[in-house]
Amino acid sequence: MKTVLPGRLAAVASFVREGAYLADIGTDHAYLPIFLAERGRISYAVASDIRPGPLSRAEENIRMAGLSERIQTIQTDGLSGLERYPLTDIVIAGMGGMEIAAILDAAPFIKRTRPRLILQPMQHIPELRDFLARGWNTEKETQTTDGGRLYQIFCVTYDGISRPITEAERLLGRCNVEHRAENPALFRILCERQLALLDEKIAGLERGGRDASKQKELRRSIAALMQDLPPQN
Ligand SMILES: C[S@@+](CC[C@H](N)C(=O)[O-])C[C@H]1O[C@@H](n2cnc3c(N)ncnc32)[C@H](O)[C@@H]1O
């Protein structure tokens, strides 16, 4: 029986290009490369993890799927030592945004080889956007819901061009803002979540007698972005 992925990882897998030479960083169970290899969608994969426990779980799953010839495991920190592989696509999913940024920052070879990066941070998403604004072209940013939680997925390539982002784009994602009319329901959820967080922050600042004008201005700019959305069905 072929591996089935939960919605979050299936959405991540959909961005891996046909025939890719893939690296799955922090692979844990290796379900993602196994799923793609079983369907003939990748030519080869390196499944890496920093810890031996997850890696032996990955090795066992790869062996059981009969894919040891197509998926190699490696214990390493982030992308360290992976420059020797002709990687076309790299997935880093299920980690914090700052951890993902640190992994990319520590691997200058990807600025030369420019693989497609598919990133799915669990938290610290604005911090990851800050990092990506300094030379990384976000071709696509999308959301997927899984088990009642909303996940962001970034598809990026290094091009060396800095693209400063506004405070609203930092929270919502520039691609999400630019393409908000294409998926208004999800964009509305993103905005409502940020508005609720800002309301809490504003209330806290005001309770402490502190200035909340910056947060109120940000709130107005997010509310304005919701105003031109197509009406809900
Ligand atoms: C929460 S799991 C995510 C597994 C899988 N990628 C997913 O999205 O379902 C995070 C995995 O990343 C590994 N990890 C954490 N930091 C890492 C690093 N710097 N380099 C490689 N692997 C790392 C952990 O050992 C763990 O197996």
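Throughout, residue positions are numbered sequentially from 1 according to the sequence presented. Keep in mind that the numbers below use all heavy atoms, side chains included, and drop hydrogens, waters and symmetry copies. Each ligand, and each atom within it, is numbered from 1 in the order the structure gives.
One finds no salt bridge joining Glu206 and Lys201 here, because no Lys/Arg side-chain nitrogen approaches an Asp/Glu carboxylate oxygen to under 4.0 Å. Lys214 and Glu167 are not joined by a salt bridge, as no carboxylate oxygen comes within less than 4.0 angstrom of a charged side-chain nitrogen.
At a 4.0 Å heavy-atom cut-off, the residues surrounding ligand 1 are Arg8, Leu9, Gly26, Asp28, His29, Asp49, Ile50, Arg51, Pro54, Thr76, Asp77, Gly78, Ala93, Gly94, Met95, Glu99, Ile103, listed by chain and number.
Across every non-hydrogen atom of Ile153 and Ala11, the tightest pair is CD1-CB, 3.4 Å.
Side chain to side chain, Gln75 and Ser48 fail the donor-acceptor criterion of an N or O pair below 3.5 Å. Gln143 and Asn183 are not linked by any side-chain donor-acceptor pair at a separation below 3.5 angstrom, with hydrogens and angles left out of the test.
Classification of the Tyr158-Trp136 ring pair by plane angle, with boundaries at 30° and 60°, yields perpendicular.
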